[in-house]
Amino acid sequence: MPYWLMKSEPDEVSIDDLAGMPEKTIAWFGVRNYQARNYMRDSMKLGDEVFFYHSSCPEPGIAGIAKVVSDAYPDESQFDKKSKYFEPAATRENPRWFNVDVQFVKKTRLVSLQELRDDPKLESLIILKRGNRLSITPVTPAEWKLILKKMG
DNA sequence: GCCAACGTTGGC
DNA sequence: GCCAACGTTGGC
């Protein structure tokens, strides 16, 4: 699965924030959903490409492209008592949560959620399915190509 | 701010 | 192992 979509709240980390990071790279910490974790830990590979999606904001949609630049490793925030992501059950020997590092590739025009919904060819896109809340989802090569094209 | 949909927790 | 209660996500 070489293509992914990752959601981020722009109030937390926007595509512009990512572009402004050292090395234009961030650790994708704070994922606390097992399925999303498993995608990072078990399926993501170095160089996989990612649609960077802005969620919970005035204009939800895909705002840019990033890529996976590390294998998964234990999420540091699970060990931090002061973090909202602290996980009491996790130990260094037996961590529960993992993350990869993600690097900025480019900002694109915003391909809005509505625009994605309006294209019948994108019916299969997981984030468009009813009730979907998963913050990390695979994207098929066909979906990837189609959305790239929309970006122009 | 509302609320539908979903995931997790914990008592039994 | 069931399932009610609760918490979270995320569009609107």
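Fair warning: this is a prediction, and the values are worked out from it, not measured in the lab. Every chain is numbered from 1, with letters handed out A, B, ... down the list of sequences.
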May I have the list of side-chain donor-acceptor pairs in residues 129-141 of chain A shorter than 3.5 Å, sequence neighbours left out?
from, atom 1, to, atom 2, distance (Å)
A:Asn132, OD1, A:Leu134, N, 3.4
A:Thr140, OG1, A:Glu143, N, 3.1
A:Thr140, OG1, A:Glu143, OE1, 3.3

Compile the donor-acceptor pairs under 3.5 Å between side chains in residues 53-64 of chain A and protein atoms, sequence neighbours left out, one pair per line.
from, atom 1, to, atom 2, distance (Å)
A:His54, NE2, A:Ile15, N, 3.1

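- A salt bridge is defined here as a Lys NZ or Arg NE, NH1 or NH2 lying under 4.0 Å from an Asp or Glu carboxylate O, and A:Asp75 with A:Arg37 fails to meet this definition.
- In this structure, A:Arg32 places its CZ atom 24 Å from P of C:dC6, rounding to the nearest Å.
- Classification of the A:Tyr85-A:Phe29 ring pair by plane angle, with boundaries at 30° and 60°, yields perpendicular.
- Following rounding to the nearest Å, A:Asp11 (CG) and C:dG10 (C1') show an atom-to-atom distance of 13 Å.
- Shown here are the side chain to side chain contact (heavy atoms under 4.5 Å, CB included) partners of A:Leu128, two or more places apart in sequence or in another chain: A:Leu113, A:Leu116, A:Arg117, A:Leu122, A:Leu125.
- A:Leu116 has its CG atom 11 Å from the P atom of C:dG11, to the nearest Å.
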Could you list, one pair per line, each protein nitrogen or oxygen that sits under 3.5 Å from a nitrogen or oxygen of nucleotides 1-3 of chain C, together with the distance?
none

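- Distance CG (A:Asn38) to P (B:dG7): 13 Å, rounded to an integer number of Å.
- With sequence neighbours left out, the side chain to side chain contact (heavy atoms under 4.5 Å, CB included) criterion links A:Val68 to A:Met44, A:Asp48, A:Val50, A:Val100.
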**Candidate pair A:Tyr34 and A:Trp97, rule ring-ring contact (aromatic ring centres under 6.0 Å, His included), full reasoning** = CA-CA 8 Å; A:Tyr34 289 103; A:Trp97 303 110; 4.7 Å; yes

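- Ring geometry, A:Trp28 versus A:Phe52: the interplanar angle exceeds 60°, so the pair is classed perpendicular (tilted spans 30 to 60°).
- For C:dG11, the OP1/OP2 oxygens have a side-chain nitrogen or oxygen of A:Tyr53 closer than 4.0 Å.
- Atom pair A:Arg37:CZ and B:dG7:P shows a separation of 15 Å (rounding to whole Å applied).
- For A:Lys7 and C:dG10, the shortest distance from a side-chain N or O to OP1 or OP2 is below 4.0 Å.
- Atom OH of A:Tyr34 and atom C1' of B:dG7 are 10 Å apart (whole Å).
- At a non-hydrogen distance threshold of 4.0 Å, A:Arg130, A:Gly131, A:Arg133 from residues 117-138 of chain A come into contact with DNA chain B.
- By the 4.0 Å N-to-carboxylate-O rule, A:Glu76 lies close enough to A:Arg92 to be salt-bridged with it.
- When the C1' atom of C:dG7 is taken as reference, atom NZ of A:Lys84 falls 14 Å away, rounded to whole Å.
- With rounding to whole Å, A:His54 atom NE2 is found 16 Å from C:dG11 atom C1'.
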